[in-house]
Amino acid sequence: MHFDNLRFNPDTRLFPIIGYPMGQSSASHAYNPLFVANNLNEIMWPVEIRPEQVGDFMAAARTLGIRHFTLTMPLKSAIIPHLDVVDADSRFFNSVNIVRFDGEGRSHGAGMDGKGNLAAIQAAGVDVRGMRVVMLGAGAIVGAITLQLAGAGAASVRILNRSADKAAALVERLRPRVGAMQLESGPFTDAALNDAAEGCDFLMQSTPLGMYGYDRDFDDLSFIDRLPAHAVVMENIVNPPETRLVKAASALGLKTIAGIDMLLGQLGAIFNFCYGFTPPPEQLLLAKAGIYGYFGI
């Protein structure tokens, strides 16, 4: 994608997105239109960094005068020992996906997965107050999202994971921090999915199943048929833009929220962290168009 107004001069700053591998990263197609729209002389492109290279990257970032960078798997935890300041929630979940350097050169890291997720839910016009939520997966993103759901008034969250012990451990860590919201866990099995779906108002998919480059997908999606007609289905995978899960839910007439919308919500929170403002909705639509253009949609 070409941006006519994107400047390249001695003052242009690199805003990298780092991770490994990065061959299918779409983030630059969302960020660069926002840099243009806000007259920010920065440019994003993906840089492949392995976990063992994070320390070298941090030294290079300081040398090159990089002011911000974002990161993805598998670096969200690996970056933390190399940061000067990490907010309490990000340290609690051992997950950071945005870093900025202040005027004294100190590095500040934060995780925006939970905030981006809730922003996407709210942008879709969904109010989670009183909802019974089922979460698929038990990674760091699930803990961060669960805290946001608790703050937004969800009635309960049931976390299902292939390793039931991991889901149970996450629930115990979260329980002191979610107030009156009910928490439970269970295995990620067909029987558990069928049972959870019947009493579910909001289903959130937070596993890599169906992700581009990942060799597994759902074996059976028939649990979607058991969801109530008013249920909302949210996907946290960006690539592909529409997973089999989302297609199945849409075919039943259920309201769906795409992973791209989560990315846009996260992007707004990241801009606020880096620049002190949140891009308006019309600019986020430019970012969405950039991603869709990347996917040929």
Side-chain angles (χ1 to χ4, degrees), residues 15-20 22 25 27 30-31 44 46 49 51 54 57-58 61 66-102 106-123 128 133 135-152 154 157 159 161 166-167 169-171 173-174 176-178 204-208 211 234-238 257 259-276 278-279:
F15 189 135
I17 175 169
I18 64 171
Y20 188 87
M22 296 298 290
S25 174
Y31 279 78
M44 172 179 280
I49 300 292
V54 168
F57 172 81
M58 288 295 290
I66 289 173
R67 294 181 295 187
H68 321 100
F69 65 90
T70 188
L71 56 154
T72 186
M73 299 299 290
L75 306 181
K76 293 185 178 184
S77 300
I79 193 69
I80 291 178
H82 301 276
L83 299 175
D84 297 312
V85 181
V86 178
D87 72 274
D89 283 348
S90 301
R91 193 173 291 281
F92 181 79
F93 292 115
N94 201 31
S95 180
V96 160
N97 65 344
I98 180 64
V99 174
R100 62 176 169 82
F101 292 93
D102 63 25
R106 286 164 54 83
S107 54
H108 299 252
M112 298 298 182
D113 291 321
K115 291 179 180 179
N117 194 283
L118 184 61
I121 293 170
Q122 293 170 337
V128 299
V133 181
M135 304 277 285
L136 307 183
I141 184 176
V142 171
I145 293 169
T146 298
L147 282 190
Q148 293 292 321
L149 292 172
V157 170
I159 299 173
N161 193 56
K166 183 177 180 180
L170 179 58
V171 162
R173 289 190 72 205
L174 287 168
R177 307 188 65 182
V178 298
M204 186 172 298
Q205 205 301 96
S206 299
T207 77
M211 183 173 65
M234 182 170 183
E235 176 66 83
N236 281 309
I237 288 173
V238 175
I257 304 173
I260 286 176
D261 296 315
M262 180 275 296
L263 175 64
L264 295 177
Q266 190 178 113
L267 198 157
I270 285 173
F271 259 63
N272 195 283
F273 180 78
C274 292
Y275 305 111
T278 301

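For reference, positions follow the sequence shown, starting with 1.
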Checklist entry - Which atom pair, heavy atoms only, marks the closest approach of Ala269 to Lys115? => result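 Minimum heavy-atom separation between Ala269 and Lys115: CB-CB, 4.3 Å.
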Checklist entry - Does a donor on one side chain and an acceptor on the other come within less than 3.5 Å for Asn236 and Gln205? => result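 Gln205 and Asn236 do not have a side-chain donor-acceptor pair below 3.5 Å.
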Item to check | Aromatic plane relationship, Phe57 with Phe69 - under 30° parallel, 30 to 60° tilted, over 60° perpendicular | outcome: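 Aromatic pair Phe69/Phe57 classed perpendicular.
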Next on the checklist: Looking at every non-hydrogen atom in both residues, tell me the closest pair between Tyr31 and Ile270 and how far apart they are.
Outcome noted: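 Residues Tyr31 and Ile270, closest heavy atoms: OH-CD1, 3.2 Å.
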Item to check | Partner residues of Tyr275 under the side-chain contact (heavy atoms from CB on, under 4.5 Å) criterion, sequence neighbours left out | outcome: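 Residues passing side-chain contact (heavy atoms from CB on, under 4.5 Å) with Tyr275: Phe15, Phe35, Leu40, Glu42, His68, Phe271, Phe277.
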Checklist entry - Ile141 versus Ser95: any side-chain heavy-atom pair under 4.5 Å? => result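 No, side chains not in contact.
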Item to check | Side-chain heavy atoms of Phe93 within contact of Asp113, under 4.5 Å | outcome: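 A side-chain contact under 4.5 Å is absent here.
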Checklist entry - Are Ser107 and Val85 close enough that some pair of their side-chain heavy atoms sits under 4.5 Å apart? => result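 No, their side chains stay 4.5 Å or more apart.
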Next on the checklist: Can you confirm whether Met234 sits close enough to Asp261 that some side-chain heavy atom of one is under 4.5 Å from a side-chain heavy atom of the other?
Outcome noted: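 When only atoms from C-beta onward are counted, Asp261 and Met234 do not touch, as no gap falls below 4.5 Å.
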Item to check | Heavy atoms of other groups near Lys76 NZ, more than 12 under 6.0 Å | outcome: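 Counting neighbours around NZ of Lys76, more than 12 heavy atoms of other residues, nucleotides or ligands fall under 6.0 Å, so yes.
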Next on the checklist: Main chain of Ala110, side chain of Ser90: is a donor-acceptor contact present, judged purely on distance under 3.5 Å?
Outcome noted: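 Absent.
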Item to check | Sidechain-backbone polar pair: Ser77 side chain, Asn94 backbone, donor-acceptor under 3.5 Å | outcome: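 Indeed, once roles are kept as given, a pair shorter than 3.5 Å links the two residues.
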Next on the checklist: Using every non-hydrogen atom in the two residues, find where Ala167 and Ala138 come nearest and quote the distance to one decimal.
Outcome noted: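 Closest approach of Ala167 to Ala138, heavy atoms only: CA-CB, 4.0 Å.
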Next on the checklist: Contact between Leu174 and Ile159 at the side-chain level, heavy atoms closer than 4.5 Å - yes or no?
Outcome noted: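 In short, these two side chains touch, coming nearer than 4.5 Å.
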Item to check | From CD (Gln266) to CD1 (Ile98), nearest 0.5 Å | outcome: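 Rounded to the nearest 0.5 Å, the CD-CD1 separation comes out at 9.0 Å.
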Next on the checklist: So, taking the atom named CE in Met22 and the one named CE in Met73, what distance separates them when rounded to the nearest 0.5 Å?
Outcome noted: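 So the CE of Met22 and the CE of Met73 are separated by 12.5 Å.
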Checklist entry - What heavy-atom pair brings Gly139 and Leu170 nearest, and what distance separates the two atoms? => result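 Result for this residue pair: O-CD2, 4.3 Å.
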Next on the checklist: Using the rule side chain to side chain contact (heavy atoms under 4.5 Å, CB included), only one of Ile17, Leu267, Ile18, Val96 pairs with Thr70; which is it?
Outcome noted: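 Exactly one pass, corresponding to Ile17.
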Checklist entry - At their closest point, which heavy atom of Leu83 faces which heavy atom of Gly109, and how far apart are they? => result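 Answer, listing the atom of Leu83 first, then Gly109: CD1-CA, 3.8 Å.
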Item to check | Considering all heavy atoms, the nearest Val133-Ala154 contact | outcome: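 Closest approach of Val133 to Ala154, heavy atoms only: CG2-CB, 4.2 Å.
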Checklist entry - Do Asn161 and Met135 have side-chain heavy atoms sitting under 4.5 Å apart? => result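 No, too far: nothing below the 4.5 Å cut-off.
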Item to check | Ile79 vs Met58 side-chain heavy atoms within contact, under 4.5 Å | outcome: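 Heavy-atom side-chain distance check passes, below 4.5 Å.
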Checklist entry - Which residue, Gln148, Met112, Met204, forms the side chain to side chain contact (heavy atoms under 4.5 Å, CB included) with Asn117? => result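 Exactly one option meets the side chain to side chain contact (heavy atoms under 4.5 Å, CB included) with Asn117, and it is Met204.
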Checklist entry - With sequence neighbours left out, what residues match Asp84 under salt bridge (Lys or Arg N to Asp or Glu O under 4.0 Å)? => result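 Partners of Asp84 by the salt bridge (Lys or Arg N to Asp or Glu O under 4.0 Å) criterion, ordered by chain and then number, come out as Arg62.
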Item to check | Distance, nearest 0.5 Å, that separates OG1 of Thr72 from CG of Asn97 | outcome: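 Going from OG1 on Thr72 over to CG on Asn97, the span is 8.0 Å.
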Checklist entry - About how many Å separate CG of Asp87 and NE2 of His108, when rounded to the nearest 0.5 Å? => result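 Answer rounded to 0.5 Å: 11.5 Å.
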Checklist entry - If you round to the nearest 0.5 Å, how far is CD1 of Ile257 from CD1 of Ile121? => result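 Rounded to the nearest 0.5 Å, the CD1-CD1 separation comes out at 5.5 Å.
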Next on the checklist: With a 3.5 Å distance limit and no angle check, can you tell me whether Arg173 reaches the backbone of Phe92 through a side-chain donor-acceptor pair?
Outcome noted: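 Judged by distance alone, yes, a pair lies under 3.5 Å.
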